Each structure stands twice: as structure tokens, then as C-alpha cells.
Amino acid sequence: MAFGRRQYPFHLIEPKWQQAWEARETFRAWNPGEAVPADHPFAVRHGAEVAAVPKYYILDMFPYPSGAGLHVGHPEGYTATDILARYQRARGRHVLHPMGWDAFGLPAEQYAIQTGRHPRLTTAKNVANFKRQIQALGFSYDWSREVNTTDPEYFKWTQWIFLRLYNSWFNPASRKAEPIESLRCPADLRSEGERRAYRDSRRLAYVSEAPVWWCEELGTVLANEEVIDGRSERGNHPVVRRPMRQWMLRITAYADRLLEDLETIDWSHSLKEMQRNWIGRSEGAEVDFQVAGRAEVVRVFTTRPDTLFGATYMVLAPEHRLVDQVTVAEQRASVQAYQAEVAKKSDLERTELAKAKTGVFTGAYAINPVTGGQIPIWIADYVLLSYGTGAIMAVPGHDTRDFEFATQFHLPIVQVVQPPGGRDWRGFVEEGTAVNSSRADLSLDGLPTPEAKRVITAWLESRGLGQRTIHYKLRDWLFSRQRYWGEPFPIVWRKDFSGRAYHEALPESALPVLPPELEDYKPTPDGQPPLARAKDWLHLADGAIRETNTMPQWAGSCWYYLRYLDPKNPRRFCDPSAEAYWMGARSPGVATPGIDLYVGGTEHAVLHLLYARFWHKVLFDLGHVSTPEPFYKLVNQGLILGEDGQKMSKSLGNVVNPDDILADYGADAFRLYEMFMGPLEMTKPWNTKGVEGVYRFLGRVWRLFVDEAGETEFEQNLTVAPDRGAEFLAQLPLSNAVSDSPASPAQLKTLHACIQKTTEDLDDFRFNTAISALMVFVNEATAWELRPAAVLRDFLVLLQPFAPHLAEELWEKLRARAGGEPCPLAYAPWPRFDPALLVEDTMEIPVQVNGKLRDVIRAPAAATQTELEALAAQAEKARPFLAGKTIRKVVVVPRKLVNFVVG
RNA sequence: GCCGGUGUGGCGAAAUGGCAGACGCACAGGACUUAAAAUCCUGGGGCCUUUAAAAGCCGUGUGGGUUCGAGUCCCACCACCGGUACCA
């Protein structure tokens, strides 16, 4: 070991209690209707009526069990939730605190391609390692509810939920998902094929041809988030865009509800803002511009229809379908050259900012529908085909990009908005007052921007020239991957009599659809996903062919928090009564529905957290869950940096391995340190010296109860065999200082100040200051010659959430001394603090002169303003500053301070 | 650029508008020890005067403001971190 003797025998205490908790199922949570054994501590405290106890569902983001093992960042959030789980248990709540594995994913599959080792085996090995590491930290998880997304009994229900999406459509009238049977096909669709195509085009899960990132080297497509600067995150290989037939989920139908319901949930401002930005709702109008002298009409989207009078030119995305039609002969060559140039650019180059704008004139003109003037039509790559209509009306007077472009190509710039306060109108993009915006039948002049928008939109609508429109940045969710290690789709393909392929859902009885066993996990030579290699699996007896794509890793994490509620149910994804109890619809004394607290990193801000909200809303619409949102309160833990203040990474060699810390200091010290570092949500650097500090604190707690037994015994505790640990611990005597004498007023004050501070801090998730309150208690109690057992007992209840192993061990010793049956500390009620004990007879009152501290006086707590002022005027050190001065004013705040204002 | 967050000792940090730096690390001195480790006790924001005690002045990123009183509230900036970006 890197240092001397152990502070206390944590190496014996921690395994002892971890084994005891597991053997006794101490942290098992019970569903309503389940029979709780009468001797289980839950039944001892609450009785057998589970449904009568208020629930507390506290959830961690379950980890992907990577081969690298646990990182110190994982236990940060897990420790915070465990402390709160234990705290709420002590407060009398029925706590659900589960853990599981998000185990589908690319690393195991890549490893399989290289070694031929089945991903299932790699995954099982990694899960076992993660579980060992997590269990060594003494978290109060109910392991009987463990889930694993790669378990067929689990992904059977992932596939089942996919079928719910597949078999539903979004009814814009009710703003809800409804069964596809309720969708009425238009009467003019005669053939069954037409009706099927109509239904398929409305499903929440549908097929489309979309460009995706394809990595030749890895032989697979990658999600956007797996591509960094045009290369694969794993292996740094080049990737290309390539259109492929894909399954999509219609998340855009829920854009408004996903946005609106953010108001109903308690998440950080910044996280909500990230989701808002990702959804990117913008309100505006679509306006039609007639191409001069031609039949074509160009439709644009604008958020500022009020500036229509200032539209002096128009820009199409280079790929816009009308470009070829409108371009005049003499401009054709330069337009095509520009298109070719843009096509060569990577997405990265094209979005590179701070570059001069480029573009080419098509030679065509459009007619501004309000001014009647002809405006030139340009193409430029600053207009994106993928947003809005792929075309804009350019208002260079009041749009930064249009202004830059117009300046560069000498296009006219006119003013149509008057800024407030005499600011320069050129490039003014905010709201103001409309000017120069009138014609015979329409006047916007003098109207504030919002009003002008309404008037012009109504005018356009009345003439059929445009309409109010809302656009979103959010795109439908690309839901298929060409991989092996993921959930197969419960879908088959058939051909109709005309030879056209169509898809069809497998019946529920066919679930789970298992992936086939393969020798080779690579895609087929002709680019088909690896599942296509399994010819037997691929073809059904009736001639149907299975879908060979698999679901993305996000699928399993979209609903795992629901499976925890009823993880072994073979008939349903979750029993409705369990769902109603734990999600709060039918739980007593619970104000918030849903999950009471969800803790995890920010990296999932717009992926997992958006996807899961979407699935939950679909399940809600279809009547499978009782709340519209899953995660009512969410906290992001901050990043833990290396000791050098840099992000931990293998290449920097600053990664801290939890196993090493546990071996040297034990789990309690590790937990305590992770919480003592600073506020949970803050980014903060690791410092192993800091672990030693909290470790010393735990040693002081130990010595509060157990005398230093001399060298011999401590030598022994280094060498005692682990299987004799409990025996060794049992014979260590309690200190003689632990007494039955009644607590003195000062001792009670110390205890109750600690109760008050830890309680208030835990209610607000301020773990670091709660721990410092525990330290203050121990610092004071160390000086006590007699330590009343009743005071120490309450202290252990406060310590238990943070350092459960040590607290349980000392609790057992105290109980044994009192001759009582040892009951687990984990279920001991949280102490109530008595404000009466904290009342002071006299208080220290600062005396200020002109706001500067000059003295501190001792005054009765009940002193009146007049009395305080009189006492303060006599304060020795303050008097010199008052001598010979006129006192203009005296500020007296009873119990706080006295301030003399002198001239 | 836009959005969000954060700036306090050598370090991690703490402070309902009311004694800035609780608690911890590191450091220094002392006790115990043959010695060390561990433990226990004591001291640590800076400047300045003094043998010392004590006092005084300055101090929460910068500049203003409100207030009897500002780390905390308001205005304008600066730096760093995270997210996002030609989204019309």
C-alpha cells in the first residue's frame, strides 16, 4: 500500500455488509400485491400493505458495459442517487432504485468481426465486470430487477413497442397516436395496394430512402453522433453520405408536444434549451413567387413575412429542383459549374463559416407579390435544400446573411423596418416598426413587427399567395442500422401480385425475433447487412423475407425504466398496477408523477432524453402508461476531470481507476470523496489527496466508537483472513467513552445542528456541505469524554446514506451493546431535529461603523433594538470610531447586527 | 455569432443582502516516539508596523450603480468551459 496502517478495517467491514444485504434482500422493492416476508425490514417498518407506502422512484442512466470497465465518472451519479435512495428510505418512502445494462452496441460487434468471438460472450464478460465493480461500492440497488437490453426476454418487448409504433398513426386532429385501423383511407383509393401505401405513408414507423453515413472501413452505417468531422469516431476512418432504404420513426409529429411539455418538467434551464434548439420550431409563412414570364412558382419560407416589401432578390439552394428549369441559356454554363463545385464540397466545407459568400445568377427573375417588381433569382450554397423549402426571399436590409451576399454582389438593399432609438437600419434584424411597406390595398407602415406579420400573412392567405407555416429543425428519427448486434425488426417483406415489395408486421406470437447465429459478422459482399448471411433465418416458410436491418442502440434505452417496474413479466412489458404505483398515478402522498429523480450526464441531452420522451408519449397516447412524461425531475452530474485538470483520457494517462481507490481507501471513502469534491452538477478535477482527507474522517468516526486497540490488533487486522472478518470485527470492543449518560445540552445542540444541516442539504442535493456538517459533528464529538450512545445512534442514521458499510457496522455494535436485535440501519427512521435545542441564550452580534466591522459583542438573543443599540455603543473596539462623530443613523437588525452610520 | 454555465486563498470549495474563506487538501509548528509512520493539538487570504501581542489598510474576474451594508441585486465589459451554428 502507498501509505501506512489502515485507518479502520474497511476491507473486512465492506464485504461483510455487501454480502449481508444481498443474502437478506435488504434493498428489494416490492410491487403492490406482492407478499413481503414478515421478517423483511420493509415489512417490519411499514407492514405488509405495499400500496399504502408512498413510493420514490430514483433512476440512474444505465451504463453501456464497455471492455474498459467502470470509470470514476460513473459512480459520481450512482453515489448521488444511492445517497438519496437511502435517505428517502430512512424518511419512510418505498424506494425503487434499479440498475441494468444498455448492452447492444458497436464495440462488441467490432470485436466479434476481428476475433470471431460472439458479441453475446463479450457482453456477458463486460457486464460481469461492471456488476462486480458497481456492487463493490455498496449501492442499495434492487438487483432482482436488473435488466439487460440484449436479453431476448427484454428485447421481445422492445420489438413489441416497435410494433405499437408501426401499427399507429398520428392524428393531427386529436394530436395523438391512434391505432392504424382508425385511419380512414380516402374514398378514391380503389385498390388494396393503394390503400396499403396510404396507410404505410402515415405510420409512426415507416420506410424511406435517406442518405446516411456509410463507413467502408467498418462496413456499416453510422449515426450522426458517431461521425466527427467527416470521420468515424471509432478507428478514425472516412465516411461518406449514401442514400439507403431506411426505417424512420415519425418523431416530428410530436415536435410541438415535446416542446410544450418541457414546461411541465423540472430539468435544468440549459438542458431544456438544448432540446428546444434541437427541435428548432420556427413560426413564419410560406410565400409563392411567380417566375417572370414562366409558369413556375417558387415557394419560400420566411420567419419575417413583414419584410416582404424589402425582398430584392431570391436565392435557391443549388440542388433545388427548379434551378434547371428557370436558368436562362446564357447563364447555364456558370450555373452548372457552380452546382458541380458545390457538389464536390463536403458538408464540413460547406458549413464552414466566416468565408465569403458564393453564388451565381440564374438569369431568371421572380415577381415580388407585393411590390410587383422583378427580382433576380440566384443560387447560393448558403441556402440549404434540407431546411424550409430550399429557397428564400432575400431581404438584405434586415438579414445578416442576405446583407453580406447583397454587398458582395451589389444587389439592392432597401429599408422596410425602422429600428427603435435611431439605430442604423442597415443589417438591423430585430423587431421594429414597418416602413416603406404599403400599396393601394395594403399598408404595414407604422405597425410594430408582430402586428405587421399578422396583417401581411392574412393578406397573403386571402389571395392564395401564401400561408402561415411552422418549420422544425427536428428530422424524423433514422431508426435502422446495418449491424448484427442489435434488435432485429419484427418485420417481413412480401411481394404483391404486381411484384412490388411491401412490408408486414410479424404477429406478437413471433416475438422475440432472435438474431441468427453467424460465423462472420461482416456485411455481405454485395453490401447487405450481416443478418442477410443467414439464409435459413432470412426466408420464412411462406416465402416472406425478413427485414435484415437492426434497431439502433437507443431503442433499448427508450423504455428500460418501465421494464424495471416489472422486469420478469412474461405476458406484458409491464403490469398496469405496477406502472400505476411506481409512476405515481396511484401512489399515496406523492405530488409528482413519473420518475421522482433521474440522474445522468449531459451527453444524452438531445438523444436518449428526446427519444425516450417520444416513445413514452406514444405509449401514453395508446393507453399503456399513465403519465405524459417519464422523467419529471432530472439532474446532470458534472464531469470529473483528471488530476491535471484535463478531461480524463487514455492518451493523457490521467485516468483514475476506481478499483485502485477502493483497494487503498475502501468504498465508503470513495463514495464520500466523490460527493465531497463539490456540487454534483459542477465540472471538477480529481485529487487523490482529497480521498485521503475523507478517509481520515472515516477513521475518526471509527475511533469515536472503537478504541485504538494497540499495535498488535491492528497488525492482526491487516492479516486476518477475509472469511474470519466478521468474527474479528465482532470481538473488537466498543470504546469505554461510549456511555448511557444523558446527553448534555451542548451535545444535543451539536447533534441537532448536524441533523438540521444534513436534512436540508439532502433535500436540495447539496452533498458536499452535508458531509462537511458530519465532519463538524465528529470534530466536536471527538473532544467529548463521555459519548452518549443515543447521540451516536442518531449520528449513524445521518452517516448511513454516505458511508453505509461503516455506519452499519457501528450500528450493529451499538445494538449489541444495548442487547437489542440487530436490525439493519438502512431502515432506521431519519431523526427529526428539534429547533428548541438550537436556541441560543446569547449571540455574537457584529458591530459595524459605516458598514465596516469594528467589533463583535455578546448580547442576549432576546435583546430589543434599543438594548442592542445601547450595548453596541459601548463596544470597546467600536468606540474609537464613534468618538467625536455625529451618529446620523443606526441600523439594528435583532439577532444579526448593529450598524452606526456616522458623518 | 447565438444559447447556457462558471470566475472567491497555494488547491477543492462555503456563505436566506448582514462577521468572506465553513469543511477538506497542501503547508508550518508542537505533543507522542529511540526514530519514523499513524494519531492528537495549534496556526495559515494579502499588505504593513512590531521582539511579540495587538491594531490598521486592502481583498470574491474588470468598471460603474443601488443600499446603512454587495461575493450575493442592477448595468456594461473581460476570461474560461459546455452546447450549437449560413435553420431563412
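All figures in this text were calculated on a predicted structure; none of them were measured in a lab. Every chain is numbered from 1 and lettered A, B, ... according to where its sequence line falls, protein lines coming before strand lines.
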- Message: Under 4.0 Å, heavy atoms only, any strand: does A/Val901 hit a base, just the sugar-phosphate, or nothing?
- Response: sugar-phosphate

- Message: With rounding to the closest Å, how many angstrom separate the P atoms on B/rG45 and B/rA31?
- Response: 24 Å

- Query: So which nucleotide from B/rA20, B/rC86, B/rU16 ends up closest to the side chain of A/Leu853?
  - Reply: B/rA20

- Task: Take the protein atom CG of A/Asp761 and the nucleotide atom P of B/rA13, then report the distance between them rounded to whole Å.
- Result: 17 Å

- Query: For atom C1', what is the distance between B/rG21 and B/rG10, given to the nearest Å?
  - Reply: 14 Å

- With a 6.0 Å cut-off on ring centres, are A/Phe301 and A/His471 close enough? yes

- Whole-Å gap separating C1' (B/rU39) and CZ (A/Arg700): 10 Å

- Message: Please pick, from B/rA88, B/rG12, B/rA26, the nucleotide with the shortest atom-to-atom distance to any side-chain atom of A/Pro685.
- Response: B/rG12

- Does the ring-ring contact (aromatic ring centres under 6.0 Å, His included) test come out yes or no for A/Phe777 and A/Phe795, once each step is laid out? CA-CA 8 Å; A/Phe777 174 89; A/Phe795 169 73; 4.6 Å; yes

- Note on the structure: Picking from B/rG56, B/rG12, B/rC19, the nucleotide nearest the side-chain atoms of A/Phe881 would be B/rG56

- Considering Watson-Crick and G-U wobble pairs with both distances under 3.5 Å, what does B/rU72 pair with? none

- Between A/Phe405 and A/Tyr313, is the ring centre distance below 6.0 Å? yes

- Nucleotide forming a Watson-Crick or wobble pair with B/rC86, both distances under 3.5 Å: none

- Expressed in angstrom and rounded to an integer, what is the separation of A/Glu681 atom CD from B/rG82 atom C1'? 14 Å

- Query: Across all strands, who's sitting opposite B/rC40 as a Watson-Crick or G-U wobble pair, both distances under 3.5 Å?
  - Reply: B/rG30

- Is A/Arg276 touching bases, backbone alone, or none of the nucleic acid, heavy atoms closer than 4.0 Å? nothing

- Task: Please give the nucleotide sitting opposite B/rU6 as a Watson-Crick or G-U wobble pair, both distances under 3.5 Å, or none.
- Result: B/rA79

- Item | A/Leu411 side chain reached by A/Pro376 side chain, heavy atoms, under 4.5 Å | yes

